[in-house]
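Chain naming here is simple, since letters A, B, ... match the order of the sequence lines and numbering starts at 1 in each. The analysis underlying the following values was restricted to heavy atoms, covering all of them including side chains, and did not include hydrogens, waters or symmetry mates.
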Amino acid sequence: MEEDFPIDDTYRPQSIEPRWQARWQAAGIGEVDLGGARRPYYNLMMFPYPSAEGLHVGNVFAFTGADIHGRLRTMQGYDVFEPMGFDAFGIHSENTAIKQGIHPKKLVAANTRNFRRQLERLGGRFAWSHTLDSTDPAYYRWTQWIFLKLFQAGLAYRKQAPVNWCPSCRTVLADEQVISGHCERCDSMVEQRSLEQWFFRITAYADRLLDHLPDMDWSEVIKTAQTNWIGRSTGASLTFAVEAPAVGQIEVFTTRPDTLYGATFLTLAPSHPLALAIATADYRPAVLAYIEQAAQTPSAEADGERAKTGVRTGAFARHPLTGEALPILVADYVLGGYGTGAVMGVPGHDQRDFAFAQAMGLPIRRVISPSAEEDSPLAEAFTAESGVLVHSGPYSGLSVAEGKAAIIARAEQDAFGTAKTTYHLRDWLISRQRYWGPPIPIVYCDHCGAVGVAESDLPVLLPETDDYVPQGTGASPLASIPAFVNTSCPRCQGPARRETDVSDNFLCSSWYFLRYPSHPDVTDRPYDQTLIDKWLPVDSYIGGKEHAVLHLLYTRFICMALSDLGLLPFEEPFLRFRAHGTITFQGGKMSKSRGNVVTPDDLFDRYGADTTRLYLMFLGPYQEGGDYSERNIEGIWRFLQRVHRLVAQSTNGPRACAAPHLADLHRVVKRVTEDLETLKYNTAIAALMEYNNLLRQREDAISHQELATFTLLLAPLAPHLAEELWQALGGAFSVHEQPFPTYDPAQLVEATATIVVQVDGRVRERLTVPAGTSQAEVRRQALELEAVQRHLADAEVARVVFVPDRLLNIVRED
RNA sequence: GCCGAAGUGGCGGAACGGCAGACGCGCCGCACUCAAAAUGCGGUGGGCAUUGCCCGUGUGGGUUCGAAUCCCACCUUCGGCACCA
């Protein structure tokens, strides 16, 4: 079946790339026998949102790096599953659809086709028979099923709460989708609205999500981001009795119970339920005005730090240890949504409390000092955690750590408080008041309340409508489709109404990789357990860091929850995650609004996919990314031309590599292997360039072994050209199914060594000696060198430092 | 403010504590050409210079025979979080 492929004189990617792509497709190169694989290796990359603009260089960069990894593992003998799909639900698709006046369904179909065409041109080793589209009812049926499972387990719940509302997208957003008070999608300032919404109880998993991190083989940058986002802080919950005029209690959270003696006031968030209730008649109007004003201005969270404002309530709380009356104030620097929405004001040892105390004329007291002797007045808050307690009654003299423990113990004994842990992480807001998403599978019945749709009735199909523009009323477009809304209760069969919100797009992407192996053959379950056992958790996941606290955290949560429900045999879905870098353009973000999105078709047309792949990988370290500029592409183009020419002109050499060249050959195998395995694609390419330069400048004939090895090393990076060269070298189809070259460390040993000779640490001369020459011998030769004698002058030799086969440093006496 | 990453030629970037600047771009020179492009060959951190020498990895200290690399302090840039008690 082998066709004869006489190699062209010149490298013409435009003709060889489509030819090999067709051949690979016909041979099913990317497909793997999922059931029968002996060494399964799941090579995952983040499935893209198929935008109207098509694949951009950032996608190409990401996928190329992951594809190289998959190809390497394949050649190393693994059965690599490398699926690709489309994350096509969500606001992004919908906004484009609204803008262009094309129904999202049509738009997505066209965009997906275009993406697939581009991905095929790129030459990825994708298992297309398992591709999926999150907007396909056969997929989102199971997205809804996951919602139901969480609902049944009490992990999905509905509550009225202040939520982030994006006025431009006309929907609520999860905390993770709000970046410094702005919508991550459209950058609009986010407002607070009080709405009844669906949440996932991710906070119940906060400790587990956090505690697994240290042992996970993930890029540190992601682990740090998740650690910070979960934001666990330990301290105490303390209760203060409100004395007058009302009677009640205020619970505060503090990480510094040791500073309790320094509390001189209490502060409530404007949204605190007691804020108005405790105010005395005199202060009530001012408190009310402050609360109303705070409700209108963007929340403190949206605004960042600003001048402290607040009002007194006229009410006082009793200090649990000193009995002192502490004024209670309301101020917007205290966040309603964190801790208990109330803090004890310790101005001496908290910057914010200090600023607030100054603004409001409240007393500032030192209760922690660097040492027991030091007791100067405070010009600023002393926030160090090292020091001793002072002016703290019986606790004076204790260290901060001792003080914390002692005061918590006292609080527990006297029943005014207890040790407590709080988190920055909040529950995941799932509802979206939009059209283009999977409908939340819940029905509201007057008798039975919120009832899950029967599993047998899934999917709840997204109704066809041309009226999909969000209203901004807080209701989804689905609410105005009576045929969708009106239904019967799954439990009592009485009249009922459907939930009209759809779920967050991040739910779609939280489980897609569980589905890939089963899709599309398994239709009666979300995934087949045998395939899950065989293929998951994912061996390698490569993706962008922008999803550190979105997709990557949500996904871990969903898998943990499914694991607890006995639906998955593991808690952590990704054994290894590597964050690739970001491709910028002229130093800035590449975005449609800046009009600087570069699409790959142009590069494919001019240079071909292989040059594009290598060029992007050569831009800089893969995990750091780089700035896109076409300056360097000519260098890659020339390199591939030279490689092509070298092989085309050297097919008649000897079979085996001559002995003197073996060390070079083994060295390049070692370098490329190590660099590819650690995703250092830029230096792997440099090593191949060096070797290519070495071969083409060599006087004696180049062997088949050298060319074949080089071609195999090149294969993961430039799959089309490698296939072409492999063919020209008489190799059997396909180069991508050959074993990756291995090296023999014994062959790396050089016969001679170049020793750097230094005098006082400065290089003065070089010596070539047989490898393994002794220090005494190297020293003897070195001392005879003219340059050494000149620099040594008449000085005595104080000592000699010798690194075998590398360096000799002669140190002079002072 | 906090967390993270990083500062190296004209540019992108290489360098287990041991020859700084691999590899590539750009530039200069040469060859080929009527000419250009393409291609090939050579050169290319700065300074002084006759062999040679000095200075150089953001800044200032330190450790070391020896530091781009390790330690301390600082500056700058990028990314993330940001009144989280």
Side-chain angles (χ1 to χ4, degrees), chain A residues 10 179-181 219-225 227-229 231-233 235 252-256 259 267 299-308 331-335 337-346 349-353 355-356 383 422-426 545-546 548-549 581-582 584 587-589 615 618-621 623-627 629-636 638-639 641-642 645 680 682-690 692-693 696-697 754-766 786-787 790-791 798-803 806-812:
Chain A
T10 50
I179 312 296
S180 300
S219 293
E220 286 303 318
V221 61
I222 305 294
K223 297 208 281 187
T224 309
T227 304
N228 292 343
W229 185 260
R232 179 161 67 192
S233 55
V252 304
F253 172 73
T254 178
T255 56
R256 297 295 304 273
T259 64
T267 313
S299 75
E301 285 163 274
D303 212 25
E305 204 162 336
R306 61 186 173 199
K308 302 279 181 290
D332 68 359
Y333 80 90
V334 175
L335 305 177
Y338 182 77
T340 59
V343 301
M344 65 177 195
V346 185
H349 304 285
D350 181 279
Q351 275 176 28
R352 297 146 306 182
D353 293 342
F356 187 60
T383 56
T422 60
Y423 303 86
H424 170 250
L425 181 71
R426 297 181 209 174
K545 18 181 170 276
E546 66 275 16
V549 296
T582 312
T584 56
K589 232 181 198 142
Y615 154 67
F618 197 58
L619 219 49
Q623 300 192 49
E624 285 169 34
D627 196 57
S629 115
E630 287 178 26
R631 270 182 86 152
N632 283 306
I633 200 164
E634 289 290 339
I636 295 291
R638 287 201 278 252
F639 166 60
Q641 302 260 26
R642 286 171 186 154
R645 199 179 315 134
K680 290 181 188 161
N682 56 333
T683 49
I685 293 167
L688 288 170
M689 286 174 165
E690 281 183 60
N692 178 55
N693 291 342
R696 71 199 178 87
Q697 281 161 11
T754 302
I755 305 234
V756 172
V757 180
Q758 299 181 334
V759 177
D760 283 342
R762 310 185 76 113
V763 180
R764 294 305 178 188
E765 195 50 283
R766 290 169 188 85
E786 188 273 333
R790 178 156 37 87
H791 286 97
R799 59 180 292 201
V800 171
V801 180
F802 180 67
V803 182
R806 294 190 68 112
L807 169 133
L808 184 82
N809 185 14
I810 301 166
V811 184
R812 306 195 309 169

J.: Please verify the inter-ring angle class for A:F356 with A:Y333; under 30° counts as parallel, over 60° as perpendicular, anything in between as tilted.
T.: tilted
J.: Can you confirm whether A:K545 sits close enough to A:S219 that some side-chain heavy atom of one is under 4.5 Å from a side-chain heavy atom of the other?
T.: no
J.: Please identify each residue that fulfils side chain to side chain contact (heavy atoms under 4.5 Å, CB included) with A:N632, with sequence neighbours left out.
T.: A:Y615
J.: Report the residues that fulfil ring-ring contact (aromatic ring centres under 6.0 Å, His included) with A:F618, sequence neighbours left out, ordered by chain and then residue number.
T.: none
J.: Taking side chain as C-beta onward, heavy atoms only, is A:V756 less than 4.5 Å from A:R806?
T.: no
J.: Does A:K308 reach the side chain of A:D353, with side-chain heavy atoms less than 4.5 Å apart?
T.: no
J.: For B:C53, does either OP1 or OP2 sit under 4.0 Å from a side-chain N or O belonging to A:H791?
T.: yes
J.: Using atom P in both nucleotides, what's the gap between B:G1 and B:U69 to the nearest angstrom?
T.: 26 Å
J.: A:E765 near the nucleic acid: base, sugar-phosphate alone, or nothing, with a heavy-atom cut-off under 4.0 Å?
T.: nothing
J.: Measure from the side-chain heavy atoms of A:V811 and tell me the nearest of B:G40, B:C83, B:C65.
T.: B:C65
J.: Distance check, C1' atoms only: B:C48 and B:G58, in whole angstrom units.
T.: 26 Å
J.: Using atom CZ of A:R799 as one end and atom C1' of B:C65 as the other, report the distance to the nearest whole Å.
T.: 5 Å
J.: What I'd like to find out is whether the side chain of A:R642 reaches to under 4.5 Å of the side chain of A:N692, using heavy atoms alone.
T.: yes
J.: Report which part of the nucleic acid A:R764 touches: base, sugar-phosphate, or nothing (heavy-atom distance under 4.0 Å, all strands).
T.: sugar-phosphate
J.: On a whole-Å scale, what distance lies between the P atoms belonging to B:U8 and B:A68?
T.: 15 Å
J.: What's the gap between B:A14 and B:G9 when it is taken at their P atoms, as a whole Å value?
T.: 14 Å
J.: Round to the nearest Å and state the distance from A:D350 atom CG to B:C2 atom C1'.
T.: 14 Å
J.: Between A:V343 and A:T224, which is nearer to the 5' end of RNA chain B once each is assigned its nearest nucleotide?
T.: A:T224
J.: Take atom C1' in B:A6 and the same atom in B:G12, then report the distance between them in whole Å.
T.: 15 Å
J.: Who passes side chain to side chain contact (heavy atoms under 4.5 Å, CB included) against A:D760, sequence neighbours left out?
T.: A:V811, A:R812
J.: When syn is taken as a glycosidic angle within 90 degrees of 0, is B:G46 syn or anti?
T.: anti
J.: Among B:C65, B:C54, B:G52, which is the nearest nucleotide to the side chain of A:R790?
T.: B:G52
J.: Starting at CD of A:E220 and ending at C1' of B:C3, how long is that distance when rounded to a whole Å?
T.: 13 Å
J.: Rounded to the nearest Å, what distance is computed from the OH atom of residue A:Y333 to the P atom of nucleotide B:A85?
T.: 13 Å
J.: Who pairs with A:E624 by side chain to side chain contact (heavy atoms under 4.5 Å, CB included), at least two apart in sequence or on another chain?
T.: A:P621
J.: Using a 4.0 Å heavy-atom cut-off, does A:T422 contact any base of the nucleic acid, only the sugar-phosphate backbone, or nothing at all?
T.: nothing
J.: In whole Å, I'd like the distance from the NE2 atom of A:H424 to the C1' atom of B:A82.
T.: 8 Å
J.: Using a cut-off of 4.0 Å on non-hydrogen atoms, how would the nucleic acid contact of A:H349 be classed: base, sugar-phosphate, or nothing?
T.: nothing
J.: Rounded to whole angstrom units, what separation is found between the CD atom of A:Q697 and the C1' atom of B:C41?
T.: 9 Å
J.: With P as the reference atom in both, quote the distance from B:A85 to B:U64 in angstrom, rounded to an integer.
T.: 42 Å
J.: What nucleotide, of B:U39, B:C41, B:A85, holds the atom closest to the side chain of A:R645?
T.: B:U39
J.: For B:A20 versus B:C32, give the span between their P atoms, rounded off to a whole number of Å.
T.: 38 Å
J.: Report yes if the side chains of A:M344 and A:T259 come closer than 4.5 Å at any heavy-atom pair, otherwise no.
T.: yes
J.: Give one of base, sugar-phosphate or nothing for A:I179, where a contact means two heavy atoms less than 4.0 Å apart.
T.: sugar-phosphate
J.: Within the 4.0 Å limit for protein heavy atoms, which parts of nucleotides 11-24 of chain B are touched? Write it as a string from 5' to 3', B for base, S for sugar-phosphate only, - for none.
T.: -BSS-B-BB--BBB
J.: Using atom CD1 of A:I222 as one end and atom P of B:G79 as the other, report the distance to the nearest whole Å.
T.: 16 Å
J.: So A:K680 and A:N682, do their side chains get closer than 4.5 Å, heavy atoms only?
T.: yes
J.: Is any side-chain nitrogen or oxygen of A:S233 closer than 4.0 Å to OP1 or OP2 of B:A85?
T.: yes
J.: Let's test your reading of the pairing rules: Watson-Crick or G-U wobble, both distances under 3.5 Å, then write RNA chain B as a dot-bracket string with ( ), [ ], | and dots.
T.: (((((((..(((.....[....)))((((((.......))))))((((...))))..(((((..]....))))))))))))....
J.: Determine the Euclidean distance between corresponding C1' atoms of B:C25 and B:G43; express it in Å to zero decimal places.
T.: 16 Å
